[in-house]
Amino acid sequence: MAAPLGTGAFTEETGQEKQDTQEKDRAIPPERAEEAKLKAKYPNLGQKPGGSDFLMKRLQKGQKYFDSGDYNMAKAKMKNKQLPSAGPDKNLVTGDHIPTPQDLPQRKSSLVTSKLAG
Amino acid sequence: VWCFLDACGTQAAVTEIVFVFSLPADIISTVEFNHTGELLATGDKGGRVVIFQREQESKNQPHRRGEYNVYSTFQSHEPEFDYLKSLEIEEKINKIRWLPQQNAAYFLLSTNDKTVKLWKVSERDKRPEGYNLKDEDGRLRDPSMITVLRVPVLRPMDLMVEATPRRVFANAHTYHINSISVNSDYETYMSADDLRINLWNFEITNQSFNIVDIKPANMEELTEVITAAEFHPHHCNTFVYSSSKGTIRLCDMRTAALCDRHAKFFEEPEDPSNRSFFSEIISSISDVKFSHSGRYIMTRDYLTVKVWDLNMENRPIETYQVHDYLRSKLCSLYENDCIFDKFECVWNGSDSVIMTGSYNNFFRMFDRNTKRDVTLEASRENSKPRAILKPRKVCVGGKRRKDEISVDSLDFSKKILHTAWHPSENIIAVAATNNLYIFQDKVN
């Protein structure tokens, strides 16, 4: 489809040339000038091909981690030795920090009560 | 809270501010007129649906067209947590689509990320009175105390509008639903998520057919996702879907059960010298809509709206710049995530004018015939009684005239993503965060 990033006509911007670029905006399309700005701020950006980074983030929207197995195992371990409980950082995935149900966002109560309840 | 504002203006097709509704608390996430334009539905981030109904026109005031009043409000979706996948499921209503009216009740589909629901909205203006076994409060009467039998009769009551969920179409989408579209056969509809499209029959909730699947065998090879999908307005076998790479595929369900191979592929050739890091992101199509005629499709990407002729795949027939001045702001728009905003686009009833939103509560209209365009603003500050809805202009550098606003002063948190156009009249609904604006053209 289109040429991959990093090949072809893209020119590297040095610190000295940036001033010139802003003055000669017509010579370099605004999109390229913006790209240069972005690369200057985030040098590691764009190493992976295509938009797969954005896409994976988009597909994983809403992912929170709570593993009831981990939680129960940790609870059992805690009886024997003191383990650090989940810190204020709710986004921490498993490992040494055991997320608890309280760390999950509050679930609003449903209008419809489950037939299984009371 | 709503207020009625009167305005006069002559500049654009739609100039008069008619109503402003402020929905409590939540951000409007979808707006849709029904097929007659009598009803207008909004969905919000809190999972609620609010339906407005147009008043019957009064013979006493022929110059004043019907007002839209709140008709029904109900909670469509609730937040959920999928414990199996550790996935939080938002209750935000992504799309509402109406079914054509076939009896006294109204039916609509509403969807969040995972579940589509069919709602029936019906009126009740009579209730039975005079039961034998229970009194008027519903308390059971002691049968031994009943000495006289009576026949319950239907008596008029204050109009009550009830919304009941008639079908729940769940558990068919691994990824997030972005579109639903009712088929012209009125028996089926489709739901599309990032990687798959399913076909449903309205009567059957425990089964759906997968008609498009673009999930690669190895997720590392993922390069594009489905961004929107819609059925052809007349041909029940035809639908289109758009992608994050700026392409549109038209599929014919008669050719195969799985429509992975497109019948038509619409893509505009790109100038390789213009390619930048942002190219693919800004080419991602956020909305695709068939024209009412069924001859054209309109697509919205980050900076433009394009009209395509179904008979020509290699380029659009028209391209309209929505806010090209943002091209020199792409770096900051990427940093604040605005570059990923998904704007929708709509046709007017005769397919002669197209409309889409922008930032700073601006929305744009393009007349396809005269090639004229206008920028208007949906804002309470500028809407006072008898005010003229003035066209807005963004100045791109150099001298700023008195009424113009500079690009750097634009408020990027005020975005108009959702708009709707009445099917036959010049009445539009514009959602600006939690405010719904209804505009119509000037009546002399």
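Just so we're on the same page: letters track the sequence lines, and every chain starts at 1.
Interatomic distance, NZ of A:Lys39 versus SG of B:Cys331, reported as 12.0 Å (0.5 Å rounding). Taking OG of B:Ser328 as the start and CZ of A:Arg32 as the end, the distance is 15.5 Å to the nearest 0.5 Å.
In B:Lys45, the NZ atom is not crowded: 12 or fewer heavy atoms of neighbouring residues, nucleotides or ligands sit closer than 6.0 Å. Within 6.0 Å of the CG atom in B:Asn171, the count of heavy atoms belonging to other residues, nucleotides or ligands does not exceed 12.
Residue B:Leu333: no heavy atom, backbone or side chain, is found under 4.5 Å from chain A. B:Thr174 does not touch chain A: none of its heavy atoms, backbone or side chain, sits under 4.5 Å away. Heavy atoms closer than 4.5 Å to chain A are found nowhere in B:Ile89, neither backbone nor side chain. With a threshold of 4.5 angstrom between heavy atoms, B:Glu221 does not approach chain A through any atom at all. Interface remark: B:Asp113 contributes side-chain atoms only to the contact with chain A (heavy atom separation under 4.5 Å).
Looking only at distances, no side-chain donor or acceptor of B:Arg327 sits under 3.5 Å from a matching main-chain atom of A:Pro29.
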**Q.** Step-by-step salt bridge (charged side-chain N to carboxylate O under 4.0 Å, His left out) determination, A:Glu31 to B:Arg275
**A.** CA-CA 8 Å; A:Glu31 241 178 89; B:Arg275 184 154 183 86; over 6 Å; no
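When only modelled atom types and interatomic distance are considered, B:Tyr334 and A:Glu34 share no side-chain donor-acceptor pair under 3.5 Å.
In summary, of the residues considered (B:Lys215, B:Met219, B:His176), a side-chain contact (heavy atoms from CB on, under 4.5 Å) with A:Leu59 occurs for B:Met219 alone.
A:Glu35 and B:Phe278 get closest at one heavy-atom pair: N-CE1, 3.4 Å. A:Leu38 and B:Glu335 make their closest contact through CD1-CG, 4.4 Å (heavy atoms, listed as atom of the first residue, atom of the second, distance).
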